[in-house]
Amino acid sequence: MWSFKAKQLIHREHLLQQILSQQDLQGITLLGGEALNQSRNLIWLLDKIRRHTQLTTFVFTGYEGTELQSQGVFRTLCEICDMLAVGRYDASQRNTSQQWIGSDNQRLIYPATSRENVKQQAINQVEIIIEDDGAMRVLGFPDDYLLDTISN
């Protein structure tokens, strides 16, 4: 699997062991379409997590449902994931009143086998992380007012 470090691969067994060794972990989230660029490894990892843990899995696919079907992965993802965000983020359809997804063209899917009890709500949550060096990371979909407030 790809690492955050350029040109450094992480063997999927090693990544699985890293995930399993974490304390107080409730689930994992995989972001963007990049994970599906290596779908065989992704499906292997998600299947192992599903079979051997109670961790919930949430995949932001970065693809439309029809693309996932033509790639032959949609059905499998629905069998081994608890939540799927389907569709690309579209800034022209931005909607900050949704939980977890940021544009109206995206869909949130809870497959029939989902172990996730929380269903999507019409709320928006944003996490602001201030690092030790003063750098700020914003996770989620902040509205324009929040962005203006924190940038000034």
Side-chain angles (χ1 to χ4, degrees), residues 1-39 41-50 52-65 67-68 73 77-78 80-111 113-152:
M1 310 269 322
W2 292 328
S3 167
F4 286 110
K5 296 180 182 176
K7 298 183 182 181
Q8 180 179 354
L9 297 178
I10 300 173
H11 193 278
R12 63 189 189 182
E13 292 276 354
H14 180 72
L15 179 58
L16 176 62
Q17 291 309 313
Q18 285 182 314
I19 292 168
L20 297 178
S21 69
Q22 296 300 307
Q23 299 296 317
D24 300 321
L25 194 64
Q26 295 175 342
I28 64 165
T29 302
L30 297 149
L31 303 173
E34 296 85 1
L36 285 165
N37 287 338
Q38 48 187 327
S39 61
N41 285 319
L42 173 69
I43 288 170
W44 178 91
L45 179 66
L46 292 170
D47 184 59
K48 293 289 186 187
I49 290 169
R50 180 75 170 194
H52 301 292
T53 76
Q54 290 301 308
L55 296 174
T56 58
T57 56
F58 186 2
V59 176
F60 283 84
T61 67
Y63 289 96
E64 302 299 330
E67 292 173 300
L68 296 171
V73 297
L77 289 173
C78 286
I80 59 177
C81 292
D82 297 296
M83 297 169 64
L84 291 169
V86 176
R88 289 174 182 79
Y89 171 74
D90 182 345
S92 70
Q93 297 185 54
R94 186 169 190 238
N95 182 342
T96 60
S97 65
Q98 302 179 95
Q99 191 175 23
W100 295 305
I101 54 177
S103 59
D104 284 332
N105 64 300
Q106 294 177 303
R107 290 184 308 134
L108 192 59
I109 299 172
Y110 293 88
T113 59
S114 177
R115 298 177 293 189
E116 182 59 52
N117 294 325
V118 178
K119 300 300 182 198
Q120 183 181 15
Q121 302 171 30
I123 63 169
N124 182 26
Q125 296 176 328
V126 176
E127 182 176 1
I128 300 172
I129 301 167
I130 301 173
E131 305 289 349
D132 291 338
D133 65 358
M136 186 181 331
R137 288 189 297 147
V138 179
L139 305 175
F141 299 99
D143 60 25
D144 293 332
Y145 175 77
L146 179 60
L147 285 175
D148 290 341
T149 302
I150 62 176
S151 66
N152 290 327

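Positions are given from 1, in the same order as the sequence printed here. Atoms considered below: every heavy atom in the structure, side chains included; atoms not considered: hydrogens, waters and symmetry mates. None of the values given here were measured: they were computed from a predicted structure.
- For the residue pair Gly62 and Arg88, the shortest heavy atom distance occurs at O-CG, 3.2 Å.
- Separation of atoms OH (Tyr63) and CG (Leu84) is listed at 14.0 Å; rounding is to 0.5 Å.
- For the atom pair Leu15 CG and Asn41 CG, the distance stands at 9.5 Å (nearest 0.5 Å).
- Contact record, Asp82 with Thr56: OD2-CA, 3.1 Å, taken as the closest heavy-atom pair.
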Start with the C-alpha gap between Thr61 and Val73, add the side-chain angles, then the distance that decides, and say whether side-chain contact (heavy atoms from CB on, under 4.5 Å) holds.
CA-CA 11 Å; Thr61 67; Val73 297; over 6 Å; no
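- Salt bridge Arg107/Glu64: absent, no basic N to carboxylate O contact under 4.0 Å.
- The number of heavy atoms from other shown groups lying within 6.0 Å of CD (Gln54) does not exceed 12.
- Taking CD from Gln38 and CG from Leu45, the interatomic distance works out to 9.5 Å, rounded to the nearest 0.5 Å.
- Scanning all heavy atoms of the two residues, the minimum distance from Ile101 to Ala85 falls at CG2-CB, 3.9 Å.
- If you take CD1 on Ile49 and CG on Leu20, they are separated by 7.0 Å, rounding to the nearest 0.5 Å.
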In a table with atom names and distances, give each donor-acceptor pair under 3.5 Å that connects a side chain of residues 24-32 to protein atoms at least two apart or in another chain.
none

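- Atom CG of residue Leu16 and atom CD1 of residue Ile10 lie 12.5 Å apart, to the nearest 0.5 angstrom.
- With a 4.5 Å cut-off on side-chain heavy atoms, Ser21 and Ile19 do not count as touching.
- Put simply, CD1 on Ile80 and CG on Leu42 are 6.5 Å apart, with the number rounded to the nearest 0.5 Å.
- Scanning both residues, Phe60 and Trp100, for their nearest heavy atoms gives CE2-O, 3.1 Å.
- In this structure, Arg115 contributes its side chain and Leu55 its backbone to a donor-acceptor pair below 3.5 Å.
- Taking Gln93 as the reference, Asp90 meet the side chain to side chain donor-acceptor pair (under 3.5 Å) condition, with sequence neighbours excluded.
- Proximity of Arg137 to Ile128: side-chain heavy atoms (C-beta onward) are nowhere separated by under 4.5 Å.
- With sequence neighbours left out, Asn105 forms a side chain to side chain donor-acceptor pair (under 3.5 Å) with Ser103.
- Minimum heavy-atom separation, Gln99 to Leu108: O-CD2, 4.3 Å.
- Here the closest heavy-atom approach between residue Cys78 and residue Thr113 is recorded as O-OG1, 3.3 Å.
- By the side chain to side chain contact (heavy atoms under 4.5 Å, CB included) test, Asp133 pairs with Glu131, Ala135, sequence neighbours left out.
- For residues 91-106, the set of pairs meeting the salt bridge (Lys or Arg N to Asp or Glu O under 4.0 Å) definition, not counting sequence neighbours, comprises Arg94-Asp144.
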